[in-house]
Amino acid sequence: MNLMKNIKDILNQKEFSKEDLVTMLSAKGDDQKLLFAKAKEVKEREVGKKVYYRGLVEFSNICSKDCYYCGIRKGNNQVSRFNLSDDQILQAAEFAYKSSYGSFVMQSGEISSPAFTERIENLLREIKRLTNDELGITISLGEQTEETYRRWFDAGAHRYLLRIESSNRGLYQKLHPNDANHSFEKRLECLNTLKKIGYQTGTGVMIALPFQTLEHLADDILFMRDFDVDMVGMGPYIEHPDTPLYQYRNELIPLKERFELALRMIATLRIVMRDINIAAATALQAIDPIGREKAAKVGANIIMPNITPGLYRNSYKLYENKPCVDEEPQDCVQCLDVRIRLADAYIGYGEWGDSKHYFTRNTNS
Ligand code: 5AD
Ligand code: FES
């Protein structure tokens, strides 16, 4: 039997096997330090020291899905449901524009209806108009038909985030109801459609889920590589008491370990997919107050400050301990400015900060 390769050798490679990835994901102590240092080096060489901001507005928690992990799932009747008005959304977009965030992200629970498609289409056009076509727009509105994706693309959205949650079909099925509304195949198909239409396409997974192994996570990285994704957002799973998955809370690794594993996932992904955009998920900050800044040190280059009006933040709780639910958008601007310097990085104000990978994959293919 072969002895396990040591991390130094692996980090000097250009290609990585699943076994290599598992070794990287399990690095501890000095090995972990080497992994993080390599990821920082790759990030700075490939995408620079800048961190880009995306002002995030979570405009509605009304959701037709029932994912077992999610606090705003349809079946949770403890949540008070809200839906921001068009004016409130437009104001948030203007706030992002005036704060020179460069880009705006609209996210909500998953709704599919002709009225919803049209509402978003109109909002996208209005945001483009109000911001002289200067504000980049990412949307994260779940699974939709090809026609809907096209209409939104034509109206001005140029990036789409749809997490695969887990690239392992068996694990995906354990995390979702077994019905047509939660089909793994449908999710894959949507990702392919988004890419075909021309979106910068983003996906991601949750880390340290119940039943999840390091092999699953290594496969997730291989999935992202083989799909040739442009952007990734991934963070630790955090249990929510009003969800079915909460019953497995005693099987989870401690929060601090989940956090470190998430950092190793980010670092490993940066080393494997050198020029993509990687977001530091808010869930990192729910565990460690400077979690996102720590992620920026080991490979992440995107931060999504929450600019949802303060009043509503408390109702968009996907997981426990969601940070900053009592802040107003203006508080976050000042807070982040200071924080990002901790990460030996600086902010790309007023720039879209597109995924470099989107352009290289389009010229190579
Ligand atoms: N812990 C961490 N992340 C979660 N998400 C949903 N519920 C949780 C949770 N309990 C993530 C999912 C989803 C994204 C919007 O939030 O990955 O795609
Ligand atoms: Fe699916 Fe919230 S119900 S992620």
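Counting starts at 1 for both ligands and their atoms, in listed order.
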Self-check item: Whether Tyr149 and Trp152 hold their rings parallel, tilted or perpendicular, with breakpoints at 30° and 60°
Solution: perpendicular
Practice problem: Quick one: name the protein N/O/S atoms under 2.8 Å from atom 1 (Fe) of ligand 2, chain by chain. | Solution: Cys67 SG
Quiz item: Which pair of non-hydrogen atoms, one from Ala300 and one from Ile266, has the smallest distance, and what is that distance?
Solution: N-CG2, 3.8 Å
Self-check item: Aromatic plane relationship, Phe59 with Phe116 - under 30° parallel, 30 to 60° tilted, over 60° perpendicular
Solution: parallel
Quiz item: Using a distance-only test with no angle check, is there a side-chain donor-acceptor pair under 3.5 angstrom linking His216 and Asp219?
Solution: no
Self-check item: Inter- and intrachain pairs under ring pair (Phe, Tyr, Trp, His ring centres under 6.0 Å), touching residues 28-48, at least two apart
Solution: none
Quiz item: Between Glu239, His240, His176, which is the residue that forms a side chain to side chain donor-acceptor pair (under 3.5 Å) with Tyr69?
Solution: His176
Self-check item: Check ion pair Lys18-Glu215 (N to O, under 4.0 angstrom)
Solution: no
Exercise. Answer yes if the side chains of Asp20 and Thr23 hold a donor-acceptor pair under 3.5 Å, and no otherwise.
Key: no
Could you list each N/O atom of ligand 1 together with any protein N/O atom closer than 3.5 Å, one pair per line with the distance?
residue: ligand 1; atom: 1 (N); partner: Ile238; partner atom: N; Å: 3.0
residue: ligand 1; atom: 1 (N); partner: Ile238; partner atom: O; Å: 3.4
residue: ligand 1; atom: 10 (N); partner: Tyr69; partner atom: O; Å: 3.0
residue: ligand 1; atom: 10 (N); partner: Ile238; partner atom: O; Å: 2.7
residue: ligand 1; atom: 10 (N); partner: Leu318; partner atom: O; Å: 3.3
residue: ligand 1; atom: 17 (O); partner: Arg163; partner atom: NH1; Å: 2.8
residue: ligand 1; atom: 17 (O); partner: Glu165; partner atom: OE1; Å: 2.5
residue: ligand 1; atom: 18 (O); partner: Glu165; partner atom: OE1; Å: 3.4
residue: ligand 1; atom: 18 (O); partner: Glu165; partner atom: OE2; Å: 2.6

Practice problem: Linking directly or through intermediates, with side-chain heavy atoms under 4.5 Å: list the remaining ILVMFWY members grouped with Tyr246, chain and number order. | Solution: none
